[in-house]
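This report refers to the structure that appears directly beneath it.
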Amino acid sequence: MTDQAPNPPPGDLFVVSAPSGAGKSTLLRRLRDELPDLVVSVSHTTRPRRPDETHARDYFFVGRDDFQAMVDRDDFLEHALVFNQDHYGTARLPVVEALGRGRDVYLDIDPAGMRQVKAAWPGAVTIMLLPPSFEELERRLRGRGTESEEDVRRRLDTARAEIDAAPEYDYLVVNDDLARAVEAVGAIIRARRSRRERVWPTIQLILT
Ligand code: 5GP
């Protein structure tokens with residue numbers, strides 16, 4: 001007999017993409033309050049830090065050489081050039097470790113990254129958060145006031161291209177009402193927790 005606890009069934013990997021301005025940072029903040037055990041992956045990026053951002057909390061801000069060294073070592077689960085200017089990537093090890101500990105992991109990445117994750121981890125659950133309209137998206141992007149006109153244009157063009165990828169996602173959530181969108185994404189995550197493959201090992205312990 002062994003007193004070692006059995007390995008928990010692996011957690012699920014959730015990939016959430018949203019064009020910038022679709023409201024994903026606010027959604028994520030609310031989701032974390034509802035699901036405090038969710039592991040939110042912190043990406044690496046070569047983009048400069050914004051004044052309200054903190055290193056290692058919002059991103060690991062790294063130089064291009066360090067980013068490339070990680071690519072060369074195959075440290076990334078996925079990585080992509082976003083808005084045609086900055087590199088972003090998800091380090092593989094923390095994600096694999098958290099999943100192995102039975103934790104659910106949340107990746108906030110673009111469609112190019114989603115495709116790479118799906119190829120590496122076919123069981124990943126993919127969700128796209130959509131703005132209610134392009135007009136609303138533009139209003140939100142301008143309202144933020146943190147980006148230059150050129151940046152806003154680039155983000156709008158990218159948003160259009162990202163929304164074109166919507167048919168590739170498992171779930172589409174329109175963010176016309178924040179509380180409803182949080183509820184929808186939370187429901188998707190919770191429903192996966194009742195999947196037979198995940199519950200079965202525990203059920204077996206209880207019922208035998
Ligand atoms: P921002 O610069 O506004 O924080 O993020 C810009 C875009 O980069 C977002 O659409 C976000 O989904 C994407 N992004 C953030 N981290 C990653 C990552 O690790 N990989 C990929 N592929 N995209 C990312």
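In each ligand, atom 1 is the first atom listed, and ligand 1 is the first ligand listed. Residue numbers count from 1 along this sequence.
The R155 neighbourhood of ligand 1 comprises atoms 2 (O), 3 (O), with distances under 4.0 Å to a heavy atom of that residue. Listed by atom number, the atoms of ligand 1 under 4.0 Å from G113 heavy atoms are 22 (N). Each of the following atoms of ligand 1 lies closer than 4.0 Å to a heavy atom of R47: 1 (P), 2 (O), 4 (O). The atoms of ligand 1 that sit less than 4.0 Å from any heavy atom of A80 are 22 (N). Within ligand 1, the atoms closer than 4.0 Å to a non-hydrogen atom of K24 are 9 (C), 10 (O), 11 (C), 12 (O), numbered from 1 in the order shown. Counting atoms of ligand 1 from 1 in the listed order, those under 4.0 Å from a heavy atom of T90 are 19 (O). Close approach of ligand 1 to F83 is summarised as follows: ligand atoms under 4.0 Å from at least one heavy atom of the residue are 6 (C).
Of the heavy atoms in H79, none comes closer than 4.0 Å to ligand 1. With a heavy-atom cut-off of 4.0 Å, R115 does not touch ligand 1 at all. Using a 4.0 Å cut-off between heavy atoms, I109 contacts ligand 1 through both its backbone and its side chain.
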Next on the checklist: Between Y169 and S17, does the side-chain hydrogen bond (donor to acceptor under 3.5 Å, both in side chains) criterion hold? Intermediate values first, please.
Outcome noted: CA-CA 9 Å; Y169 285 75; S17 301; 2.6 Å; yes
Item to check | Derivation of the side-chain contact (heavy atoms from CB on, under 4.5 Å) call for E138 and L156 | outcome: CA-CA 7 Å; E138 186 161 356; L156 275 172; 3.7 Å; yes
Next on the checklist: With side-chain contact (heavy atoms from CB on, under 4.5 Å) as the criterion, how do L99 and W121 come out once you've worked through the C-alpha distance, each side chain's angles and the decisive distance to 0.1 Å?
Outcome noted: CA-CA 11 Å; L99 292 171; W121 205 274; 3.2 Å; yes
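Between D108 and ligand 1, at least one pair of N/O atoms sits closer than 3.5 Å. Checked by distance only, ligand 1 and H44 stay at 3.5 Å or farther apart across all their nitrogen or oxygen atoms. By the 3.5 Å distance cut-off applied to N or O atoms, G89 is counted among the residues near ligand 1.
Contact of the I109 side chain with the V117 side chain is registered, since non-hydrogen atoms from C-beta on lie closer than 4.5 Å. Residues H87 and R47 form no side-chain contact, since every pair of their non-hydrogen atoms from C-beta on lies 4.5 Å or further apart.
The aromatic rings of F61 and H55 sit tilted, their planes meeting at an angle between 30° and 60°. Using bins of under 30°, 30° to 60° and over 60° for the plane-to-plane angle, the ring pair F76/H44 lands in the perpendicular bin.
Partner of M114 under the side chain to side chain contact (heavy atoms under 4.5 Å, CB included) criterion, out of V16, I127, V15: V15 alone.
The existence of a salt bridge linking R92 and D74 is confirmed by a sub-4.0 Å separation between a basic side-chain nitrogen and an acidic carboxylate oxygen. Classification of R139 and E135 as a salt-bridged pair fails, no side-chain N sitting under 4.0 Å from a carboxylate O.
In terms of protein heavy-atom proximity, atom 7 (C) of ligand 1 is nearest to V82 CG1, 3.7 Å. Residue, atom and distance of the protein heavy atom nearest to atom 19 (O) of ligand 1 are S43 OG, 2.6 Å. What sits closest to atom 23 (N) of ligand 1 on the protein, heavy atoms only, is D110 N, 3.2 Å. In this structure, the protein non-hydrogen atom closest to atom 20 (N) of ligand 1 is E78 OE2, 2.8 Å. Nearest protein neighbour of atom 1 (P) of ligand 1, counting heavy atoms only, is Y59 OH, 3.5 Å.
Taking the six-membered ring for Trp and the full ring otherwise, the centers of Y88 and H79 sit at least 6.0 Å from each other.
Dense packing is recorded around CZ of R57, with more than 12 heavy atoms of other residues, nucleotides or ligands lying under 6.0 Å away.
Not a single heavy atom of Q85 lies less than 4.0 angstrom from ligand 1.
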